[in-house]
Asker: 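Here it is, the structure, as structure tokens.
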Amino acid sequence: MQFEVWAPQAEDRVTLHCDGAAHAMAPDPERAGWWRAEAPAGDGSRYGFALDGGPVLPDPRTRRQPDGPDGLSAVVDQDRYDWRTPWPGRGLPGAVLYELHVGTYTPEGTLDAAAARLEHLVELGVTHVELMPLCPFPGRHGWGYEGVSLWAVHEPYGGPEALKRFVDRAHELGLGVVLDVVHNHLGPSGNYLPAFGPYFTDTHHTPWGVAVNLDAPGSDEVRAYLLGSALAWLRDYRLDGLRLDAVHALHDTRACHFLEELSTAVDALADGLERPLFLIAESDLADPRLITPRAEGGLGLHAQWNDDFHHALHTTLTGEAQGYYADFARAPLAAIAKTLSHGFFHDGTYSTFRGRSHGRPLDRRRVPAHRLLGYTQTHDQVGNRAQGDRLAASLSPGLLACAATLMLTAPFTPMLFMGEEWAAGTPWQFFTDHTDPELAAAVRNGRRREFAAHGWAEEDVPDPQDPATRERSCLDWSEPGGGMHARVLAWYRELIALRHAQPDLTDPDLSDVKVGFDEAARWLAFRRGDVRVAVNLGGEPVRVPLGVRGARVLAAWEPVAAPDADGALTLPGESAVVLLRE
């Protein structure tokens, strides 16, 4: 078997250590900085590389780390798995996504255990599972955003074969699978890339330290490393798409931005595989160029998260006005109305949170609405609260129903965060399992200081390293079976079924969305073709002027009569309704 590694940092030799034997590697005469060697090996063989007589390090392109990020790499024969399910692919238009963290979706915290719970998602009506990051990280439990080894699967989750079993089962059930990948930084622990080459640069800085090298000397190979990793997930594991973490932290001054290069490569792979593939960006830039086709001067990504919709909705529901919510709190219903009809709230408007204007207008006649993802909760918006409290911890079932209605009937591609569909009573907190005591203490103390500055008592901030913090964050699968949880779950199922059944609810034309609202009375209504949606966020009944007399109720949280002769609807407090004009 041939082994190769990019190691321009090596001064005069690189040694391959494979299954206990050492093999001298030779420079590749055609590729500067690359070393190669032949050695007997097969699936499961353990190996690593030593530079200039130093310690044996894992392969930067390792496909498996059986003993964690600090251990030897293992060879993976990708053809060894016998795929059961032919899969034509499932694209993004018409999709309903479900964000899932493998380590807390079930108490077991494994891919196999998660796969056993996928029928719940089929019954719910979602179309794609979006897995939070799976790359190896130190310890057993964590969010996954401090991962290293960008080609491998976290061993405590089950490793590469378990991911293939998960994807196979999902596809068998008709579910697409999306993976969250992190290209903007790597974890500080178990990260050996700097020993091999200039994977990072101090030319730019990110919230996590020095930036990944996308434009400094040596960046050609770094970009190829990231591109190769992305394509490997889609090809070797038959994934349907990737979610790209915090792309605003990908600092790249080159003429062809890394994201454009990535979208080009993914589209080419989709053509070769003859199935749809897509990229979803997380970005706080409110810049439509991310999702504008390359032929029109954009970067060619297929969708992006829309935090503006979330922030407007969250502020309306909770009354919170701190931090970035301040921009939306002055007139929260107006903010919802603007996002529903124009995509972004910040489209060149002044942001008090940033102290400057922010965003760029989206051409709503040219950009299909499914390219924006809408959500009421995400791992970030729940887990980055001091106690990881979900909306269900502070809102009534009626307000939760209103939030679900706005999200699932909005023009955007909806995304749920696991457990929200039954108003889960479990929090989702920030947890880690760092094996380095100094790093563990730094994370613990830093998190407590951060929230103390916002008025939280340090003792009230959960210890990320305490195993109980992760255990509290696991979903309780006994909840959906009864009471308020069952009612909320039934409402989600009904709304998702309506979204699939009513073509107007997946119409991509943002310019056709018409919205009315009353900030003081706290109602909002909008039109999408023949569908009318109304929510009452106040505690008392309100009269909503829909302007349509002939309409029948498709779904209602509380009993609602059809509009009266004046085309007005009386809507109970904290309630929602979906109607169809006849």
Asker: Which of parallel (below 30°), tilted (30 to 60°) and perpendicular (above 60°) describes Tyr105 and Trp477?
Answerer: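 Tyr105 vs Trp477 ring planes: perpendicular.
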Asker: Describe, in one word, how the ring planes of Trp428 and Phe417 are oriented to each other, choosing from parallel (under 30°), tilted (30 to 60°) and perpendicular (over 60°).
Answerer: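 The rings of Trp428 and Phe417 stand perpendicular, inter-plane angle above 60°.
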Asker: Would you call Arg243-Asp245 a salt bridge at under 4.0 Å N-O?
Answerer: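 Salt bridge present between Arg243 and Asp245.
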Asker: Salt bridge or not between Glu172 and Arg84? Use side-chain N to carboxylate O under 4.0 Å.
Answerer: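 Salt bridge present between Glu172 and Arg84.
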Asker: Between Ser189 (side chain only) and Pro138 (backbone N and O only), is there a donor and an acceptor less than 3.5 Å apart?
Answerer: no
Asker: Answer yes or no: is there a donor N or O on one side and an acceptor on the other, between the side chain of His257 and the main chain of Leu259, under 3.5 Å?
Answerer: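 Flag set: sc His257 to bb Leu259 pair under 3.5 Å.
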Asker: Checking ring-ring contact (aromatic ring centres under 6.0 Å, His included) between Tyr225 and each of Tyr199, Trp6, Phe258, which is the one that passes?
Answerer: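 When Tyr199, Trp6, Phe258 are each tested with Tyr225, the ring-ring contact (aromatic ring centres under 6.0 Å, His included) holds only for Tyr199.
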Asker: Looking at Glu161 and Lys164, does any basic side-chain N land under 4.0 Å from a carboxylate oxygen?
Answerer: no
Asker: Is a side-chain donor-acceptor pair under 3.5 Å present for Asp215 with Thr253?
Answerer: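 Judged by distance alone, the side chains do pair up.
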Asker: Suppose we screen for ring pair (Phe, Tyr, Trp, His ring centres under 6.0 Å). Which residues come up paired with His379, at least two apart in sequence or across chains?
Answerer: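 Result, ring pair (Phe, Tyr, Trp, His ring centres under 6.0 Å) vs His379: Trp143, Tyr145.
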Asker: Just checking, is any N or O donor in the side chain of His171 or Asp240 under 3.5 Å from an acceptor N or O on the other one?
Answerer: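 There is such a pair (donor and acceptor under 3.5 Å, judged by atom type) between the side chains of His171 and Asp240.
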Asker: Quick check against the 3.5 Å criterion: does Thr110 have a side-chain atom that pairs as donor or acceptor with the backbone of Gly158?
Answerer: no
Asker: Charged N to carboxylate O below 4.0 Å: is that the case for Asp28 and Arg31?
Answerer: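 Looking at Asp28 and Arg31, the cut-off is met.
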Asker: Would you please say whether a donor-acceptor pair under 3.5 Å links the side chains of Thr127 and Arg90?
Answerer: no
Asker: Salt bridge or not for Asp433 and Arg470, using N-O below 4.0 Å?
Answerer: no
Asker: Among pairs that include at least one residue of residues 181-205, which meet salt bridge (Lys or Arg N to Asp or Glu O under 4.0 Å), considering only residues two or more places apart or in two chains?
Answerer: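 Of all non-adjacent pairs touching residues 181-205, none passes salt bridge (Lys or Arg N to Asp or Glu O under 4.0 Å).
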Asker: Could you list the residues that satisfy salt bridge (Lys or Arg N to Asp or Glu O under 4.0 Å) with Arg254, not counting sequence neighbours?
Answerer: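 By the salt bridge (Lys or Arg N to Asp or Glu O under 4.0 Å) rule, Arg254 matches Asp220.
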